[in-house]
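Comments concern the structure below.
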Amino acid sequence: MQRMLAGLTVLLFCTTSFHVGAQSVEQLEQLRQQASQSNGSSAGATNNVTPLSIQSQRTLPGGSNTSSSVGQYATQPRNGVTLPGEPTISTVFPTQQAMENPPFAANLFIGGFESERSSGLNDNYSIAPGDKISIWIWGAVNYSSVVTVDNQGNIFIPNIGPIQIANTPAGSVNQTVTQKIRQVYTNDVNVYVNLLTSTPVSIYVSGPVLRPGQYAGLASDSVLYYLKRAGGVDFRRGSFRQIDVIRNGNIIATADLYAFFRDGKLPGVSFKDGDTILVRPIGNTIVVGTGARNSFTFEFSQEELNGGVVNYFARPGEFASHASVAGVREGKQFARYLTIEEFEALPLQPGDAVEYVADNEPQIYRINVAGAFAGASQLMVDKGTRLLDILDHIEADTTLSDTQNIFLLRESVAEKQKEIIEQGLQRLERSMYTAPISSTGEGAIRAQEAQLVADFITRARQVEPQGRVVVSENGDIANILLEPNDTIVIPEVTDLIHIGGEVMLPQSVVFNPDATTEDYIAWAGGFTERAEDERILVIRKNGNVAFTQLNEGSLLFSDNNPHLAPGDQIIVLPAIDTKLLQAVKDITQIVYQIAVAANVATN
């Protein structure tokens, strides 16, 4: 063998020399003669060896220089790396959408708690063959050693003999061994015994789990540990209620994960080699949708299929008053709407869907107060309360609060205004994209206009209406019914007129009783180039709306009250420039609606 290696070294050297320094036929002949002399005495050597006939083979870094005809195998864990062609969860299980209502207690298998395992040295652990035990004896006799429990469940101590400790709890092993030693050494001998290591066991996990198979662990590990190692219970096929531990063909324990989840009860099993954890198929299910704290898919036995058990596990919300049940009975659709009390006595069938509804008619409203007032900003009122009933309970300073121009902000009105604006925007979209085109040039113009209108629609949809309700006029206040979450706005006394929209310098100006609308617009810098000077919007302090227009140099109001008052807003709207007459009408209408609903001017 040494000669063969020496020959191989010479050949490698010759090959290197051939590539580096061989330049002539004479040099090649010398190299061939050197190789023949080195290998002449080796078994199986060839006399006609040339540098060109040397066989080489590339190897991986760190690979062995020797080849084996039987192949190699890895002894290190693969750490989850799959081999080519090896089945994976994605190839074994069909692709499924996430469950809208996952099983109750499914979060038991979230996280990596299998790494936070027990050391196996707890007091309830049963001694098994292979465990190592440390023994110290001192006093009249000195002895210390680490012994291993043999296959018969014994440990052996010199001068004492075998001691049977298999299946002895770890907390009692010191007492058991000490009693046996004191039967021989009765006086002046102290004994200390401690369990050092526990022997791993091999457990099978089967049934509807993601990765059934054989798993190693400790005898003291829980059922949850082995289930997590196997990927957890399959949500669609596996049972959370019946998980059996089988030993020698007999069921020695059954785990109910609902009992553990609600009451912390889990069977204490000391596992042995060959035990099997078998997850049974899923049983009867009830799906609980909205209105409950636990909106999950529940698994119940036949005896538990009633509304009372569902209420116990689902835990309806505090304000839930009714339960909606839908399912199938004798091949026909079944649906019931019951109070919570009536639902408790209702028998259910597998596959029923339950939803809890807060169907209590509100009897007390919350009313908000904003603006110039004193006291609490929220009041609770009974159903049917009117505006004047609550105004008596709001503190206001008459010198600072304008109680003559009170208005409301109402959520339902804001939603209606939003709906009206959206309808106008949809109508505008239809008119833009369905208008007929007579020529290519007109089509290009229409495309540009459509893009501009589309930008306008995008901005218009971002406007949030206020939902203002006019309830006051000339000092009189309408005594209207209040709705939940209404906001009563008491304006502050002001001496300003606000000018905005298409003016050069939007600002607020001190009210002048002798000034006209034209004066205020002039003080704001006058109109911009895009201003619509024929219809000018005036929003009164109480929320009323009026229009003015320029008529041969003068301003005339469209209503019968041409006078401005402190706190009014003058909004100059933008002019609409487009060639589509229908679009002009729609855009103008939308601009007015937005200006009135949100007090803003959209360009």
Between [Y] and [X], is there a side-chain donor-acceptor contact under 3.5 Å, judged purely by atom types and distance?
X: Asn485; Y: Asn368; answer: yes
X: Ser295; Y: Asn101; answer: no
X: Thr285; Y: Glu299; answer: no
X: Asn306; Y: Glu344; answer: no
X: Asn311; Y: Tyr356; answer: yes

Checking the side chain of [X] only, and the main-chain atoms of [Y] only, is there a donor and an acceptor separated by less than 3.5 Å?
X: Asp389; Y: Arg386; answer: yes
X: Asn250; Y: Ile252; answer: no
X: Asp263; Y: Phe260; answer: no
X: Ser321; Y: Asp359; answer: yes

Between [Y] and [X], is there a salt bridge with N-O shorter than 4.0 Å?
X: Arg410; Y: Glu415; value: no
X: Asp256; Y: Arg262; value: no
X: Glu483; Y: Lys383; value: no

Are [X] and [Y] close enough that their ring centers fall under 6.0 Å?
X: Tyr215; Y: Tyr225; result: no
X: Tyr258; Y: Phe104; result: yes
X: Phe296; Y: Phe313; result: no

> At their closest point, which heavy atom of Thr254 faces which heavy atom of Pro267, and how far apart are they?
Replying inline: O-CG, 3.7 Å
> Within 45° of the axis and under 6.0 Å from the centre of the six-membered ring of Phe407, does NZ or CZ of Arg468 qualify?
Replying inline: yes
>> Under the criterion side chain to side chain donor-acceptor pair (under 3.5 Å), I'd like the reasoning laid out for Asp382 against Gln363: C-alpha separation, chi angles, the key distance, then a yes or no.
In response: CA-CA 6 Å; Asp382 294 332; Gln363 299 296 326; over 6 Å; no
> Given Leu348 and Val310, is the side chain to side chain contact (heavy atoms under 4.5 Å, CB included) satisfied, shown in steps?
Replying inline: CA-CA 10 Å; Leu348 301 176; Val310 174; 3.6 Å; yes
